[in-house]
Amino acid sequence: MNDILPPESARWEWLEDKVRQLMARYAYRNMRTPIVEPTPLFVRGLGEVTDIVEKEMYSFVDQLNGERLTLRPEATAGVVRAVVEHNMLYEGGKRLYYMGAMFRHEKPQRGRYRQFHQVGAEALGFGGPEVDAELILLANALWRDIGLRNVRLELNSLGQPEERKAHRAALIAYFEQNADQLDEEARRRLHANPLRILDTKNPAMQALVNAAPRLIDFLGAESLAHFDAVKSILDANGVAWTVNPRLVRGMDYYNLTVFEFITEQLGSQGTICGGGRYDYLIEQIGGKPAPAVGWALGVERVLELLKEQAGEIPALVPDAYAIIPGTAALPVAVTTIERLRGLGISVQMHAAPAAGGGMGSMKSQFKKADASGARYALIFGEDELARGMVVVKSLRDGAGGAQTEHPLDAVSQWASTLQSNS
Ligand code: ATP
Ligand code: MG
């Protein structure tokens, strides 16, 4: 679990702003659900025989009432619970998004943490392929907005439960024939959830898994038509994709379209975003049956990839740094700074490092002003204050930076000269 500190946190805020703007353009509305949910929600929702439920959940018993609780390992189950609880689909579909921390007890490594963050988008109450495509276009637009390159899109269709049944039988037969090549986990999952074996991360089993019966070959006309419709909308919009018949995703709730956005630039943690359709989850969680589709992206992986690609993120700097030579100037200085802030100018105020020790030398204050990155210094010097004036000095053109005086009683007339035009 990581602390996210400045200046790194500025990159997070920048990404969050981009997400908010993007979601507004696609008319997806923000949703915030609790970090903690009842354990059975995830067991039922994600599936008992999944990596997350079997080995990655932080679960505990509430000491006060004995309830079993879990730190959310993902947010779709919680969103669906909330949608059902608040009857949000009573007048039609809803498009929602969230951002927040998720928790999985994994082996920490680059791009894999125990507390990590996701941005997710969900469209509930819509059954057509146009919404699958919209969500993919939405993710794609985010990559464009933040300048992310070299991300490829893999698609698959998991069909419907009936089609899965036939495939499941073929899969079990195939794995039984090759039982000597199965690892312990796969052997255990063989009859409980053979599809999960396809999602194995064990390199020794990749060849076996690659030659397994493909679910896509078991799909009927309706499922294939849905898949084709998604692809043609993507084609029409110039979004490149490949079909990966091995793509099954980590949770049991998916059906029909599933997809992942993948990069080769982050080693084995290359999936930055994954999602798909989950038409049966709402009913599973106790709601009136309704279709749904969504995705989640890993914020750490996206930011890491951006860094890898030297993506430029504007640094956060104040417009001005207020230099206050003596404590006597504080009342007037702070009042002026407050007026400027009220007018939208960002001002970092010089503050004494210790009580009673004075404000510090001009030299040390200028040093701090330079380090802040501010374009201007506001200097609340004694002589100028006596004349009702404050000095504005440019910090960007060397020691002889241009210097002007402005009246303290007419802040609104000169405030805009401090606004960074960068
Ligand atoms: P992986 O196969 O890498 O374990 P996953 O299939 O478990 O990923 P999802 O549950 O689909 O991941 O979550 C969506 C996204 O969240 C992932 O594509 C990834 O970017 C991010 N993510 C998942 N687990 C972690 C983690 N432990 N640390 C950081 N990011 C994660
Ligand atoms: Mg995982």
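Just so you know, ligand 1 is whichever comes first in the structure, and atom 1 is the first atom listed for that ligand.
Ring geometry for Tyr278 versus Tyr254: interplanar angle over 60°, hence perpendicular rather than tilted (30 to 60°).
In this structure, the protein non-hydrogen atom closest to atom 6 (O) of ligand 1 is Arg249 NH1, 3.8 Å. Among all non-hydrogen protein atoms, the one lying nearest atom 20 (O) of ligand 1 is Thr271 O, 2.9 Å. What sits closest to atom 2 (O) of ligand 1 on the protein, heavy atoms only, is Lys201 NZ, 3.0 Å. The protein heavy-atom contact nearest to atom 13 (O) of ligand 1 is Gln118 NE2, 3.0 Å. The nearest heavy-atom contact from the protein to atom 28 (N) of ligand 1 is Tyr113 N, 2.9 Å. Protein heavy atom in closest approach to atom 5 (P) of ligand 1: Arg104 NH1, 3.9 Å. Looking at atom 29 (C) of ligand 1, its nearest protein heavy atom turns out to be Gly111 O, 3.2 Å. Ranking the protein heavy atoms by distance from atom 30 (N) of ligand 1 puts Phe116 CD1, 3.4 Å first.
Crowding of Gln109 atom CD: a count of heavy atoms from other residues, nucleotides or ligands under 6.0 Å exceeding 12.
Within the listing of ligand 1, atoms 14 (C), 15 (C) sit less than 4.0 angstrom from a heavy atom of Ala296. With ligand atoms numbered from 1 in the order given, ligand 1 contributes 15 (C), 16 (O), 20 (O), 21 (C) to contacts under 4.0 Å with heavy atoms of Gly298. Ligand 1 places these atoms under 4.0 Å from at least one heavy atom of Ile272: 18 (O), 20 (O). Near Glu106, with a cut-off below 4.0 Å to any heavy atom, the atoms of ligand 1 are 24 (N), 25 (C), 26 (C), 27 (N).
When non-hydrogen atoms are compared, ligand 1 lies under 4.0 Å from the side chain of Met251 (C-beta onward) but not from its backbone.
Ion pairing between Lys307 and Glu304 fails under the 4.0 Å rule for side-chain N and carboxylate O. The pair Arg114-Glu106 does not meet the salt-bridge criterion, since no charged nitrogen lies less than 4.0 angstrom from a carboxylate oxygen. Using a 4.0 Å cut-off between charged nitrogen and carboxylate oxygen, Arg187 and Glu184 do not count as a salt-bridge pair. Between Glu54 and Arg188 there is a salt bridge, with a side-chain nitrogen of the basic residue lying less than 4.0 Å from a carboxylate oxygen of the acidic one.
With respect to Arg249, the salt bridge (Lys or Arg N to Asp or Glu O under 4.0 Å) criterion is satisfied by exactly one of Glu74, Glu260, Glu154: Glu260.
Phe227 carries Lys231 over the face of its six-membered ring, with the cationic atom under 6.0 Å from the centre and within 45° of the normal. For the pair Arg72 and Tyr58, the NZ or CZ position fails the cation-pi test of under 6.0 Å to the six-membered ring centre and within 45 degrees of the ring normal.
Here the side chains of Arg196 and Glu185 are not in contact, with every heavy-atom distance at 4.5 Å or above.
Contact between Glu74 and ligand 1 is absent, with no heavy atom of the residue lying under 4.0 Å from the ligand.
Relative to atom 8 (O) of ligand 1, the option among Arg301, Gln269, Glu304, Glu260 with the closest non-hydrogen atom is Arg301.
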